[in-house]
2 protein chains.
Amino acid sequence: MKLSSRFRYGLRLLVDLAVNYEKGPVLLRNIADCERISKKYLEQIVITLRTAGLIGATRGSKGGYFLTKDPRKIKITDIYKILEGPFAPVDCLDNPKICVLIRTCATRKLWAKLAECIEETFGGQTLVDLLKK
Amino acid sequence: MKLSSRFRYGLRLLVDLAVNYEKGPVLLRNIADCERISKKYLEQIVITLRTAGLIGATRGSKGGYFLTKDPRKIKITDIYKILEGPFAPVDCLDNPKICVLIRTCATRKLWAKLAECIEETFGGQTLVDLLKK
DNA sequence: TAATTTCCCTATTTATTATATATATTACCC
DNA sequence: GGGTAATATATATAATAAATAGGGAAATTA
């Protein structure tokens with residue numbers, strides 16, 4: 001089980017924005033260089049985050065991206081849901097219909113437990129909690 | 001974060017073998033039909049499990065696959081390592097060299113915590129623990 | 001010997017991930 | 001207003017991984 005780089009990159013981007021919170025918008029180019037990520041890939045990720053309302057943008061010179069709310073109020077679990085999807089490690093947990101074998105499935109409970117544990121690991125942590133290190 | 005179907009299928013296959021433990025070898029064809037999995041894909045998975053020493057096989061008519069040891073002694077974590085790989089949700093946890101940003105990485109600790117939690121979820125559970133349901 | 005089944009090698013399809021290209025739109029500043 | 005710098009958007013391409021498929025060799029049973 002690996003985290004998607006979509007989520008990893010997105011999270012790091014948000015950390016960068018958190019550092020610069022209230023210091024004005026941050027250039028995507030800078031983040032891409034700093035984090036060694038393709039700027040074009042970041043653009044895609046940024047769209048998702050903007051649609052979700054986590055970040056805003058201003059265009060033109062002196063433009064860039066910024067958090068729309070206090071990083072103390074942005075939970076890691078929210079970011080996870082947006083970029084990584086549901087916590088369930090298998091699709092059939094949330095959509096029992098897609099599996100014919102639900103009744104006899106010996107592993108279902110284990111997957112549910114796994115989903116819980118992942119969510120709990122993030123606990124109530126927010127973006128600022130990541131900065132404290 | 002999703003589990004690979006490689007691991008899910010492999011685990012279900014092992015559960016089937018556990019049910020038939022000491023009742024003689026099980027046909028791959030039967031498992032494939034039962035579990036609605038491509039037999040050819042199962043063949044690949046089975047090779048890995050056999051190489052790892054978890055299962056054995058006999059060819060020819062009346063042949064098939066079987067567990068090489070008591071299902072009470074086969075831990076889920078072992079199967080995970082064989083089919084899914086390390087518990088770390090990112091590669092840089094086990095191989096710090098592959099990432100240039102280790103020193104400044106704000107998320108590293110979180111990933112370590114996640115790896116632990118995944119391992120602990122499986123706890124000491126074995127194949128038979130899955131059957132009890 | 002014939003039937004059955006694993007074993008093994010290779011090819012193909014499909015899906016996901018990541019990067020690249022090109023153009024349009026917006027905002028700032030002189 | 002015009003130039004420049006940045007995001008916005010759509011699409012194409014490349015790279016990688018996941019899953020399926022084919023065919024035949026080797027072993028086992030009867």
Side-chain angles (χ1 to χ4, degrees), chain A residues 1-13 16-17 20 24-68 83-85 89-91 98-99, chain B residues 1-13 16-17 20 24-68 82-86 89-91 98-99:
Chain A
M1 267 205 305
K2 298 289 175 223
L3 289 163
S4 67
S5 40
R6 190 180 157 76
F7 172 60
R8 287 186 291 116
Y9 293 172
L11 185 57
R12 270 154 60 184
L13 177 139
D16 282 2
L17 296 193
N20 290 80
V26 179
L27 283 192
L28 206 55
R29 211 183 112 74
N30 287 349
I31 297 178
D33 288 352
C34 261
E35 305 280 355
R36 318 289 164 94
I37 307 167
S38 131
K39 189 183 156 222
K40 282 295 176 183
Y41 192 32
L42 275 182
E43 265 176 30
Q44 289 178 22
I45 296 172
V46 143
I47 289 173
T48 313
L49 292 172
R50 211 170 56 84
T51 308
L54 245 53
I55 67 177
T58 54
R59 305 206 229 187
S61 75
K62 306 252 169 168
Y65 295 92
F66 50 86
L67 296 182
T68 52
L83 293 176
E84 191 77 36
V90 293
D91 289 334
I98 65 174
C99 178
Chain B
M1 267 204 309
K2 298 290 175 223
L3 289 162
S4 68
S5 40
R6 190 179 156 77
F7 173 60
R8 287 187 290 117
Y9 293 171
L11 186 56
R12 270 152 62 182
L13 176 140
D16 282 2
L17 296 193
N20 289 80
V26 180
L27 282 190
L28 206 56
R29 209 183 112 74
N30 288 350
I31 297 178
D33 288 352
C34 261
E35 306 278 356
R36 319 289 164 93
I37 305 167
S38 132
K39 190 185 156 223
K40 282 293 177 181
Y41 192 33
L42 274 183
E43 261 178 33
Q44 289 179 18
I45 296 171
V46 144
I47 289 174
T48 313
L49 293 172
R50 210 170 56 83
T51 308
L54 245 52
I55 66 177
T58 54
R59 307 204 229 189
S61 74
K62 307 247 170 170
Y65 295 92
F66 50 86
L67 295 182
T68 51
I82 293 167
L83 294 176
E84 190 77 37
V90 292
D91 289 334
I98 65 174
C99 178

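Lettering follows sequence order; numbering is per chain, from 1. Side chains are part of it too, since the values below use all heavy atoms of this structure and drop only hydrogens, waters and symmetry mates.
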[X] [atom1] - [N] [atom2] separation (whole Å):
| X | N | atom1 | atom2 | answer |
| --- | --- | --- | --- | --- |
| Leu28(B) | dT4(C) | CG | P | 17 Å |
| Tyr9(B) | dA18(D) | OH | P | 13 Å |
| Leu27(A) | dT4(D) | CG | P | 18 Å |
| Asp33(A) | dT19(C) | CG | C1' | 15 Å |
| Lys40(A) | dA8(D) | NZ | P | 11 Å |
| Phe66(B) | dT5(C) | CZ | C1' | 13 Å |
| Leu42(B) | dT5(C) | CG | C1' | 15 Å |
| Tyr41(B) | dT6(C) | OH | P | 19 Å |

Side chains of Leu11(B) and Leu83(B) in contact at under 4.5 Å (non-hydrogen atoms):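 No; the side chains remain at least 4.5 Å from each other.
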For a 4.5 angstrom cut-off between non-hydrogen side-chain atoms, does Tyr9(A) reach Leu13(A)?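 Not in contact.
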Does Lys2(B) have any salt bridge (Lys or Arg N to Asp or Glu O under 4.0 Å) partners at least two apart in sequence or in another chain, and if so, which?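 Salt bridge (Lys or Arg N to Asp or Glu O under 4.0 Å) check on Lys2(B) returns Asp91(A).
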With a cut-off of 3.5 Å and sequence neighbours excluded, list every side-chain donor-acceptor pair involving residues 48-68 of chain A.
{"residue": "Thr48(A)", "atom": "OG1", "partner": "Arg6(A)", "partner atom": "NH2", "Å": "3.0"}
{"residue": "Thr48(A)", "atom": "OG1", "partner": "Gln44(A)", "partner atom": "O", "Å": "3.4"}
{"residue": "Thr51(A)", "atom": "OG1", "partner": "Ile47(A)", "partner atom": "O", "Å": "2.7"}
{"residue": "Thr68(A)", "atom": "OG1", "partner": "Gly53(A)", "partner atom": "O", "Å": "2.7"}
{"residue": "Thr68(A)", "atom": "OG1", "partner": "Leu54(A)", "partner atom": "O", "Å": "2.9"}

Heavy atoms under 4.0 Å, any strand shown: does Ser5(B) hit a base, just sugar-phosphate, or nothing?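 Sugar-phosphate: the residue Ser5(B), judged by heavy atoms under 4.0 Å, touches backbone atoms but no base.
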Would you mind classifying the nucleic acid contact of Arg6(A) as base, sugar-phosphate or nothing, using non-hydrogen atoms under 4.0 angstrom?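 The residue Arg6(A) makes sugar-phosphate contact but no base contact.
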Mind listing the residues from residues 43-65 of chain B sitting with a heavy atom below 4.0 Å of DNA chain D? Number order is fine.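 The answer is Gln44(B), Arg59(B), Gly60(B), Ser61(B).
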Atom CD1 of Ile82(B) and atom CZ of Phe7(B): how far apart are they, to the nearest 0.5 Å?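 Answer rounded to 0.5 Å: 10.0 Å.
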Value rounded to 0.5 Å, distance of CG in Asp33(B) from NZ in Lys39(B):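 It is 9.5 Å, given to the nearest 0.5 Å.
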